[in-house]
Student: 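Below you'll find the structure I mean.
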Amino acid sequence: MSEQGLRFLCPNGHLGFAPSKRESFDIGAATKPHFYCCDSGSSDIGPGPLGGDYSVSPYEWQKHDLEMMLVAARRQEVPMIIGSAGDTGTRSRVDLYVKIIEELAAKHNLPPFKLAYFYSDVPAAYLKGKLAAGEKVEGLDGRSDLTVEELEQTDRIVAVAGIHPFIEALKSGADVIIGGRSSDSAIFAAPAIRLGYPEAESYYLGKALECASFCAEPYAAKETVIGEVTHEDIKLTAMSPYQRCTVASVAGHAMYERSNPYFEYVAGGMLDMTNCRYEQHSEKTCRVTGPVFVPVEGKVKVKLEGSGKVGERYVGIAAVRDPYTIKNIDQVLDWAREQVRERFGDEGYGLYYNVYGKNGVMGPLEPIKETHSHELCIVCQGIAPTAKMAEEVTMTGTRQIFYARLPEVKGTAGTAAFGFEEVLPASAAYKWTLNHIVPVDDPMELFELHTIEVRGAR
Amino acid sequence: MKTVKLADLAKTVRSKNAGTDKITFDIIFREEGNYELVKKSGVISKKSMATLFGIPEERISDFVEFDPAYAIKFTIYRDLPSGSPGDSDVFGSQQYPPLLDIEVPVPD
């Protein structure tokens, strides 16, 4: 009935974050897919890794997954495409993955192949130039347009690649592509669109496959899924023996981690899933039809992510058991804040409390306003320009919980318990400074593409 | 009319980041019956969710009844971008529990 399409293997929703499972990968690889694709990044991990330029995925797990994919793809002589190298997709992470690929090629004595890689890093000066020229860098998700002040608070910026750098890399004859920060759907859509498949079906394929087995049931991560795109539909098939792609699991995945299940924005347009139809094609396969792609009017707009350092950070932990103190915990913390203020003034540092047992998880969103816990754990974070100051802010903010002056407290030998009498150094605090889009004349202008020959075989 | 807790009707109730500035909530049902029951009851609406979380309705950016997945989904703007100093849930993954206890009227 339907034509033979283009088949993609995806082993993992975030390469390296936890290792891909071997069994379902081998089952998928045995079906000889046309492409091995995987995204390796996420903004979910918070602003620290981008700002501080480090990975949260262990090197051994990154290597494990890259090795599985590289060996299978080169043996079958089909392309392997990775986006958002090393969690953040910064230059240093792309270089790291390129090095891993070269080492693996040597280890497995692979015949020579062409490796393309691109950087996504955006210099702040480029955006300053845009702002100076009166161009608007539009804020997303309720953010206002970019200002010079926000740029100055930013340590590192990446542009989120659409299909363009992947298509250029494929045109250059790349067998393996290592991408900087990328839209996860573009990693899959690019090769399909280059081969003439419709944009709507190609992007939908990417959207459904990018988290691998999250589009299958029962719930399981890191299991391989195969996606097939034709000119009229998309089919998703779970490879692990205990999973299936069902109408519920695939439609359910269309909602995952997105504010709206109908619209997906990429550099160059928007995928509209409003009229998608889902049907059970066979035991383990769900078929989807009806996505629509709406190309952007005017210039292509590329999404930017930026992170800036807020300060050095220490953490302190205190606990309270006295019911009277628990009842008056807000006053206790006000007292501790006041002691920090007396020492350091009103500004130039940050002091934050999470009160577990009261509203430590939800903060102001917590609907339960009355605390019934018999004990509370208070986590104090102090953030300041220097580690020394952050330590003292945190020390004061934590220890003064012990000395809080409450009018009727019975325990006059200390109003808090400490599991240990110290505060702990933590990694520096960062914040997301950019979640914006910038219009570009040339979709490649933010991406620097390189191609090398890898000679594994001696 | 008697009521049943949402936790006893839904297959999945979850929350998660949708980008750096939003948290999205999914309530997914196994079958059409419970989905339609909850949808028609009107207990889950933009207004009732704003009341539950103590936020103005403008903080809810999206509210969708998504028939293909038997799901109700809504998204809120965060107070602070994920992982900022003071954020208590970097992944936004533990903001859903108040939904579990929502009482849904069911026919006797």
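Just so we're on the same page: letters track the sequence lines, and every chain starts at 1.
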Student: Is chain A contacted by the side chain of B:R14, its backbone, both, or neither, given a heavy-atom distance below 4.5 Å?
Tutor: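 Side chain only.
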Student: At a heavy-atom separation under 4.5 Å, does A:V310 approach chain B through its side chain, its backbone, both, or neither?
Tutor: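 The side chain, not the backbone.
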Student: At their closest point, which heavy atom of A:P47 faces which heavy atom of B:S82, and how far apart are they?
Tutor: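 In this case the closest contact between A:P47 and B:S82 is CD-O, 3.3 Å.
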Student: Please rank A:A248, A:S259, A:G142, A:A254 by heavy-atom pairs under 4.5 Å with chain B and give me the top one.
Tutor: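 Greatest number of close heavy-atom pairs with chain B: A:S259.
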Student: Please walk me through it: do A:D141 and B:R78 pass side-chain contact (heavy atoms from CB on, under 4.5 Å)?
Tutor: CA-CA 10 Å; A:D141 301 331; B:R78 281 172 160 273; over 6 Å; no
Student: Provide the closest heavy-atom pair for B:F66 versus A:A251 in the form atom of the first, atom of the second, distance.
Tutor: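 Closest pair (atom of B:F66, atom of A:A251, distance): CE2-O, 3.3 Å.
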Student: Can you say whether A:L365 sits under 4.5 Å from chain B via the side chain, the backbone, both, or neither, judging by heavy atoms?
Tutor: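 Both backbone and side chain.
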Student: Given heavy-atom pairs under 4.5 angstrom as the criterion, report whether the side chain, backbone, both or neither of B:S84 touches chain A.
Tutor: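 For B:S84, the contact with chain A is made by backbone and side chain together.
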Student: Roughly how far, to the nearest 0.5 Å, is the CD atom of A:E305 from the OG1 atom of B:T20?
Tutor: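 The CD atom of A:E305 is 7.5 Å from OG1 of B:T20, to the nearest 0.5 Å.
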Student: How long is the straight-line distance from OH of A:Y356 back to OG of B:S88, given to the nearest 0.5 Å?
Tutor: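 Result: 6.5 Å between the selected atoms.
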Student: May I ask you to test the A:K431-B:L80 pair for a side-chain heavy-atom distance under 4.5 Å?
Tutor: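 They are not in contact (no side-chain heavy atoms under 4.5 Å apart), so the answer is no.
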Student: Shortest non-hydrogen contact from B:P68 to A:V247?
Tutor: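 Smallest heavy-atom distance, with atoms named: O-CG1, 4.1 Å.
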Student: Check each atom of A:R143 against the heavy atoms of chain B and say whether the ones under 4.5 Å are side chain, backbone, both or neither.
Tutor: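 The answer is the side chain of A:R143.
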Student: Mark yes or no for whether B:Q95, through its side chain, and A:V361, through its backbone, hold a donor-acceptor pair below 3.5 Å.
Tutor: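 Side chain of B:Q95 to backbone of A:V361, a donor-acceptor pair under 3.5 Å: yes, one is there.
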Student: In terms of side-chain geometry, is the basic nitrogen of A:D44 or B:K16 positioned less than 4.0 Å from the acidic oxygen of its partner?
Tutor: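 Yes.
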Student: As an exercise, state the distance from CD of A:Q381 to CG of B:D87, rounded to the nearest 0.5 Å.
Tutor: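 Here the rounded value is 9.5 Å.
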Student: Taking side chain as everything from C-beta outward and backbone as N, CA, C, O, which of these in A:I368 sits under 4.5 Å from a heavy atom of chain B? Side chain, backbone, both or neither.
Tutor: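 The answer is neither part of A:I368.
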Student: Using non-hydrogen atoms and a 4.5 Å limit, figure out which bit of A:Y278 sits close to chain B: side chain, backbone, both or neither.
Tutor: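 Side chain only.
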Student: Is chain A contacted by the side chain of B:I55, its backbone, both, or neither, given a heavy-atom distance below 4.5 Å?
Tutor: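 Contact with chain A is through the side chain of B:I55 alone.
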Student: Name the member of B:G92, B:P85, B:S61, B:G19 that forms the most heavy-atom pairs with chain A at distances under 4.5 Å.
Tutor: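 With the most close heavy-atom pairs to chain A, the winner is B:P85.
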Student: Where does A:Y262 contact chain B at under 4.5 Å (heavy atoms): side chain, backbone, both or neither?
Tutor: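 The side chain, not the backbone.
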Student: As an exercise: rank B:D62, B:V90, B:I76, B:I28 by heavy-atom pairs under 4.5 Å with chain A and give me the winner.
Tutor: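 Option with the greatest count: B:D62.
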Student: Taking every non-hydrogen pair under 4.5 Å, which of B:F53, B:F63, B:Y70, B:F74 racks up the most with chain A?
Tutor: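 Heavy-atom pair counts peak at B:F53.
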Student: Does B:K73 reach the main-chain N or O of A:R258 with its side chain, forming a donor-acceptor pair under 3.5 Å?
Tutor: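 Yes; at least one donor-acceptor contact below 3.5 Å.
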Student: Non-hydrogen atoms of chain B under 4.5 Å away: do they reach the side chain of A:N260, the backbone, both or neither?
Tutor: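 Both backbone and side chain.
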Student: Which distance, rounded to the nearest 0.5 Å, do you find between the CD of A:E257 and the OG of B:S15?
Tutor: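 Going from CD on A:E257 over to OG on B:S15, the span is 11.5 Å.
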